[in-house]
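Keep in mind it's a predicted model, so treat the numbers as computed, not measured. Proteins come first, then strands; the chains are lettered A, B, ... in the order of their sequence lines, and each starts at number 1.
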Amino acid sequence: MIRMENVAKAFGDNQVLQSMSLEIPKGTSMVIIGGSGTGKSVALKCILGLIKPDSGMIYVNGKDAAKGDRDKFLARFGMLFQGAALFDSLPVWQNVSFRLLRGPLKRPAEYAREIAIEKLRRVGLKSDVADRFPSELSGGMQKRVGLARAIAAEPEIIFFDEPTTGLDPIMSGVINDLIREIVTEMGATAMTITHDMSSVRAIADNVAMLHGGVIQWTGPVSQMDASGDPYVEQFISGSAEGPIEAVR
Amino acid sequence: MNPLAPLGGLGRAVLSMLANFGKVGIFALDAISHIFRPPYYPREFAVALMNVGWLSLPVVGLTAIFTGGALALQIYAGGARFNAEAVVPQIVAIGMVRELGPVLVGLMIAARVTSSIAAEIATMKVTEQIDALVTLSTHPMKYLTAPRVLAALITVPLLVGIGDIIGIAGGYVVATQNLGFNAATYLQNTVNFLETKDIVSSLVKGAAFGLIAAIMGCYYGMNSGRGAQGVGRATKSSVESAAIMILAANFILTGVFFSV
């Protein structure tokens, strides 16, 4: 389980997170929605320790995320980045099995390659992709490789940062279905940030609306349309009228 | 207007410069400390050795040969004013080994290696590849910085040594083919005139310049701003800073080795 308590973060004068509190039960899929620049990615990076919050506490399975062995802590996470963040200098299979080729989880290269190909198949890519470089792949394929890398070490917790941004609707649907299947199959705890409402409906068990640096509403996805929260209603309808300023 | 306002601006600029020196110094110590602490990444080190050392050889060789040749011509023409044309072998040797070899190789490495390190790491930062490294339990300082710094520390002195030899060879070719010097005498004079201290100073300068070049590339790459502009600025700043620091370090090391 992940718990954020009154997490605040500012960059200079820009107070991105005011006092964000959120709970993600183990084995569930939480989707955080909100406009651009509202701090969704910052929240996610605070949990991973990529950004240090100014105040507040973050707990993962009841333990303070800022304390303890970083490698052990991070070994429990997988992450799909917005732009996939694949390493340009490495072929696809080495990207996927990055953790298995170095560091404490190091395995023989042949075994790591087998795992990479298996994970690539899991995300719908053929084995011939394994020896290509990321620059030779389309955006959708890069996202799938990123997804394969995120699940390669079978993590307990998976983060998805804007998983469908920049993809056509069909590829978005494929990625959404893959995420849902994988999260269910692995029993992982998932946290996704997106502004794509089709992703929300496909991926989420629970939804949280982040605006003004705080969670405005949170609840099961089945209650989202009838939430009664003006922020959520405006976000779903895509209207320029409402509490969220259209010009920010 | 306050007549002391310009002094305030000057003070802020000096404080900012000192703060930057401090940040670079802390970064350098951190980078060096990661060379000695596991885990190690031999593949990344091998790639860095290739990029910094082997692939820099053509640039270093061409720079050195033309500089050595031009130096021979200049010394011959200058020496002729007071009937000292015969000193060409000695001055080419001392000029290349003590000064021009290390400095020109250092500047070429700054142009070629510092810029490429800064641009590569800055692009990795902008495209979240460095964040991805962290989430994959890989320390960016160990994976990106330590192999490059160690590779530069090892290969740049070798490049300087090779540059010194090629530069002297350039002077030799010009002197024997164009200026009428006897080949055997030229070589004899070169070998007899050089001292161990000249060669040691050249290699020490090479190590120092390699360290500076790699550290500046990594520092500006890791601290780059966002987008294409951020990458461009990081690359430009890294080369400027490396070049200035190499020239300053050259002055200091020359003083250390040769001050009377």
Trace of the side chain to side chain contact (heavy atoms under 4.5 Å, CB included) decision for B:V134 with A:L74: CA-CA 8 Å; B:V134 176; A:L74 288 168; 4.0 Å; yes
Spacing of CZ belonging to A:R99 relative to OG1 belonging to B:T135, to within rounding of 0.5 Å: 6.5 Å
Nearest heavy-atom neighbours spanning B:Q129 and A:D88: NE2-OD2, 3.2 Å
A:E185 atom CD, over 12 foreign heavy atoms within 6.0 Å: yes
Atom CE of A:M57: over 12 foreign heavy atoms under 6.0 Å: yes
Heavy-atom neighbours of B:Q229 CD exceed 12 at 6.0 Å: no
B:E44 CD to A:R102 CZ distance, which is reported to the nearest 0.5 Å: 5.0 Å
B:F21 atom CZ, over 12 foreign heavy atoms within 6.0 Å: no
Chain A contact via B:Y41 - side chain, backbone, both or neither, heavy atoms under 4.5 Å: side chain
Atom pair CG/CD1 of A:L50 and B:I130 - distance to nearest 0.5 Å: 11.0 Å
Between A:G83, A:P155, A:A85, the one whose heavy-atom pairs under 4.5 Å with chain B are most numerous: A:A85
Interface moiety of A:F87 toward chain B, non-hydrogen atoms closer than 4.5 Å: both
Closest heavy-atom pair and its distance - B:E128, A:Q82: OE1-N, 3.9 Å
A:L90 portion near chain B, given a 4.5 angstrom heavy-atom threshold: side chain
Reported CZ-to-CG distance for the pair A:F77 and B:L136, which is rounded to 0.5 angstrom: 13.0 Å
Gap separating the NZ atom of A:K72 from the OG atom of B:S137, nearest 0.5 angstrom: 12.0 Å
Candidate pair B:R43 and A:L101, rule side chain to side chain contact (heavy atoms under 4.5 Å, CB included), full reasoning: CA-CA 11 Å; B:R43 185 187 170 278; A:L101 289 167; over 6 Å; no
Inter-residue atom distance A:I51.CD1 - B:D131.CG, 0.5 Å rounding: 7.5 Å
